[in-house]
Q: 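Below is the structure I would like to discuss, written out as structure tokens.
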Amino acid sequence: MATEILMPALSPTMEEGTLAKWLVKEGDEVSSGDILAEIETDKATMEFEAVDEGTIGKILIEEGTEGVKVNTAIAVLLEEGESADDIDSAKSAPAADKGEEAKPAQAKSSDEGDNEGGRATPAEGKKQPEPDTSPDWPEGTEMKQQTVREALRDAMAEEMRRDEDVFLMGEEVAEYQGAYKITQGMLDEFGPKRVIDTPITEHGFAGIGVGAAFGGLRPIVEFMTFNFAMQAMDQIINSAAKTLYMSGGQMGAPMVFRGPNGAAARVGAQHSQDYAAWFMQIPGLKVAMPYSASDYKGLMKTAIRDPNPVIFLENEILYGRSFDVPDIEDYTVPFGKARIWREGSDVTIVSFGIGMTYALEAAEKLAEEGIEAEVIDLRTLRPMDTDTILKSVMKTNRCVTVEEGWPQGSVGGYISGVIMQEAFDYLDAPVITCTGKDVPMPYAANLEKHALVTTDEVIEAVKSVTYR
């Protein structure tokens, strides 16, 4: 029976295209794999090939025709022994009778050569992402305003009241009540045995903390800045992160390493580095980098209870910012669950920590121009909720990542790789990673401003991937 050749979908979002050029004519014999025509979209020119052999009986859509809808019949293929007279019967036959012969021709990029199969069907054979979309707190929960500083203090104090094995140690955490006043009032409540001032020796007190965790306690080790944690890398990575695995599960390190991470304001290159991508690479560690006060509180409580060592990356600039925090007696946030701050359909913006400031500002400005961005806050980097990212990208078909760290080996680079592997066929543009500049942080205020990622750069990236 004569078979209709249908206008193929060259991407998951394609609805129509231009039939630019026929490479066969009526009466030509074709075999499976032969190139039939060139199809143009606003993104590319593609070739598509026959899936069956036969004779081109009739061309229904002339070359040069624009706006041809996907699955529109563009030609008729005749089997051996059939004539053009059979075309009318093919058109009147029900679709169910066409069987396998009614498949649309397979799309094939002009630069793919002659490899069999052409372009893959999106997500063919892959499990669809199923992120946890449950709310972080029940509807109708009473909210209160808190700074990030207050939320952190409350989280640690609540856990220390709940579990007497939890204690805090670090430089100036006790008598001075914290270099950033995070631990204000905690020495008075818990005493010097549980809120401990340490000497200026990160390698030493980090090692004491790891040993205490091995012994069954739950230390919170504060670094005045994570830049100083470089003195303690051996304790963090070789002792805390690896011992549970190397001991066959017999001995672990339930503890939290916390402190400000990344740029502050004119503190120089040695005090401004973002370690998110560094620690994210290490098996055995969990890594949190929140943005809002509610997430600082909920994730800190989860981190203290976790049986693994947790890197809790804070930001000095965010300490004084106020957010809504649910007024719940025991509020926690699970690791590995991203938060969608803003829903949109045109582009996905993924960020974490202070990078969310730029992402949300950019989204508001883009909305004024008719571009609706979906903004995702990762909250934790290890484990990372890639399902939420993938589900969003499958909807928006575009992604921009935002962070203050350096470009090479960035968190955004990892996210881009995941999207390429799991959702490549859904992309209508390359993933763009917005990062800090590839230089040590300058001390001068004007140069420091240029070294950091900006809202304008995020807007420019979004306009690039949306072709605006």
Q: Check Ser351 against Ala359 and note the closest heavy-atom contact, atom names and distance.
A: CB-CB, 4.2 Å
Q: State, with a plain yes or no, whether a side-chain heavy atom of Arg339 is found less than 4.5 Å away from one of Ile376.
A: no
Q: When rounded to the nearest 0.5 angstrom, what distance separates CE in Met7 from CD in Glu15?
A: 12.0 Å
Q: Run the side chain to side chain contact (heavy atoms under 4.5 Å, CB included) check on Glu374 and Ser345 step by step: do they pass?
A: CA-CA 7 Å; Glu374 184 149 289; Ser345 57; over 6 Å; no
Q: Side-chain contact test, heavy atoms from C-beta onward, threshold under 4.5 Å: evaluate it for Pro283 versus Arg382 and give yes or no.
A: yes
Q: Quick one: list whatever passes side chain to side chain donor-acceptor pair (under 3.5 Å) with Asp154, sequence neighbours left out.
A: Gln146
Q: With a 4.0 Å cut-off, would you call Glu158 and Arg161 a salt bridge?
A: no
Q: Minimum heavy-atom separation for Lys437 and Trp406, please, with both atom names.
A: O-CD1, 3.0 Å
Q: Could you check whether Arg194 pairs with Glu164 (Lys NZ or Arg NE/NH1/NH2 to Asp/Glu carboxylate O, under 4.0 Å)?
A: no
Q: Hydrogens and angles aside, do Thr332 and Lys297 bring a side-chain donor and acceptor to less than 3.5 Å of each other?
A: no
Q: Rounded to the nearest 0.5 Å, what separation is found between the CE atom of Met255 and the CD1 atom of Ile304?
A: 12.0 Å
Q: With rounding to the nearest 0.5 Å, note down the distance linking CG in Asp385 to CD1 in Ile389.
A: 7.0 Å
Q: Show your reasoning for whether side-chain hydrogen bond (donor to acceptor under 3.5 Å, both in side chains) applies to Ser410 and Thr435.
A: CA-CA 8 Å; Ser410 65; Thr435 67; over 6 Å; no
Q: Testing the basics here: between Ala276 and Leu381, what is the closest heavy-atom pair and its distance to 0.1 Å?
A: CB-CD1, 3.5 Å
Q: Please test Glu372 against Arg342 for salt bridge (Lys or Arg N to Asp or Glu O under 4.0 Å), starting from the C-alpha separation and ending with a verdict.
A: CA-CA 9 Å; Glu372 294 298 331; Arg342 192 181 193 283; 3.1 Å; yes
Q: I'd like a table of donor-acceptor pairs (distance under 3.5 Å, sequence neighbours excluded) in which one partner is a side-chain atom from residues 166-182, with atom names and distances.
A:
{"from": "Gln177", "atom 1": "OE1", "to": "Gly185", "atom 2": "N", "distance (Å)": "2.7"}
{"from": "Tyr180", "atom 1": "OH", "to": "Met224", "atom 2": "O", "distance (Å)": "3.0"}
{"from": "Lys181", "atom 1": "NZ", "to": "Tyr176", "atom 2": "O", "distance (Å)": "2.7"}

Q: Is Arg258 close to Glu314 at the side-chain level, that is, under 4.5 Å between some pair of heavy atoms?
A: yes
Q: Is any NZ, NE, NH1 or NH2 atom of the basic residue among Glu130 and Lys391 found under 4.0 Å from an Asp or Glu carboxylate oxygen of the other?
A: no
Q: Short question: side chain of Glu403, backbone of Gly412 - any donor-acceptor pair under 3.5 Å?
A: yes
Q: Regarding Ser294 and Ser292, do their side chains bring together a donor and an acceptor under 3.5 Å, going by distance alone?
A: yes
Q: Can any side-chain N or O of Thr380 pair as donor or acceptor with the backbone N or O of Pro383 at less than 3.5 Å?
A: yes
Q: What verdict does the side chain to side chain contact (heavy atoms under 4.5 Å, CB included) test give for Ile39 and Thr18, after you've listed the backbone C-alpha separation in whole Å, the side-chain angles of each residue and the deciding distance to 0.1 Å?
A: CA-CA 6 Å; Ile39 305 293; Thr18 299; over 6 Å; no
Q: May I have the list of side-chain donor-acceptor pairs in residues 438-454 shorter than 3.5 Å, sequence neighbours left out?
A:
{"from": "Glu448", "atom 1": "OE1", "to": "Arg266", "atom 2": "N", "distance (Å)": "3.2"}
{"from": "Glu448", "atom 1": "OE2", "to": "Arg266", "atom 2": "N", "distance (Å)": "3.0"}
{"from": "Thr454", "atom 1": "OG1", "to": "Glu457", "atom 2": "N", "distance (Å)": "3.1"}

Q: Apply side chain to side chain contact (heavy atoms under 4.5 Å, CB included) to Lys337 and Val333, showing your working.
A: CA-CA 8 Å; Lys337 180 186 177 186; Val333 174; 5.7 Å; no
Q: Assess whether atom CD of Glu66 is packed by more than 12 heavy atoms of other residues, nucleotides or ligands within 6.0 Å.
A: no
Q: Looking only at heavy atoms, what is the nearest atom pair of Val402 and Gly355, with distance?
A: CG1-O, 3.8 Å
Q: Using the ring-ring contact (aromatic ring centres under 6.0 Å, His included) definition, which of the options Phe279, Phe257, Trp278, Phe312 pairs with Phe226?
A: Phe279
Q: Can you check whether Asp456 reaches Glu460 side chain to side chain, under 4.5 Å on heavy atoms?
A: no
Q: Determine yes or no for a side-chain-to-main-chain donor-acceptor pair under 3.5 angstrom, with Thr302 supplying the side chain and Gly298 the backbone.
A: yes
Q: Check the side chains of Tyr414 and Gln281 for a donor-acceptor pair under 3.5 angstrom, ignoring hydrogens and angles.
A: no
Q: Over 60° means perpendicular and under 30° means parallel, so classify the ring planes of Phe323 and Tyr291, tilted if in between.
A: perpendicular
Q: Would you name the heavy atoms of Gly353 and Leu318 that are closest together and state the gap between them?
A: C-CD1, 4.3 Å
Q: Between Lys286 and Asp306, is the closest basic N to carboxylate O distance under 4.0 Å?
A: yes
Q: Go through Asn261 and Asn315 one step at a time and tell me if the side-chain hydrogen bond (donor to acceptor under 3.5 Å, both in side chains) criterion holds.
A: CA-CA 5 Å; Asn261 167 74; Asn315 187 275; over 6 Å; no
Q: Where is the tightest heavy-atom contact between Ala363 and Ala373, given as atom of each residue plus distance?
A: CB-CB, 4.1 Å
Q: Out of curiosity, Ile419 CD1 to Thr386 OG1, how far, rounded to the nearest 0.5 Å?
A: 9.5 Å
Q: For the atom pair NZ (Lys301) and CG (Asp330), what is the distance rounded to the nearest 0.5 Å?
A: 4.5 Å
Q: Are side-chain heavy atoms of Pro8 and Met46 found at a separation under 4.5 Å?
A: no
Q: Side chains of Val221 and Val256: closer than 4.5 Å at any heavy-atom pair?
A: no
Q: How long is the span from the OG1 atom in Thr396 to the CD atom in Glu343, to the nearest 0.5 Å?
A: 12.5 Å
Q: Are there more than 12 heavy atoms of other residues, nucleotides or ligands under 6.0 Å from atom CE of Met246?
A: no
Q: Out of Thr388, Thr401, Ile415, which residue meets the side-chain contact (heavy atoms from CB on, under 4.5 Å) rule with Leu378?
A: Ile415
Q: For the residue pair Arg398 and Asp428, establish whether any side-chain heavy-atom pair is separated by less than 4.5 Å.
A: yes
Q: Mind running side chain to side chain contact (heavy atoms under 4.5 Å, CB included) on Arg162 and Arg305 for me, showing each step along the way?
A: CA-CA 10 Å; Arg162 191 184 70 88; Arg305 299 178 189 185; 3.2 Å; yes
Q: With side chains defined as the heavy atoms from C-beta onward, is the minimum distance between Val411 and Met280 less than 4.5 Å?
A: yes
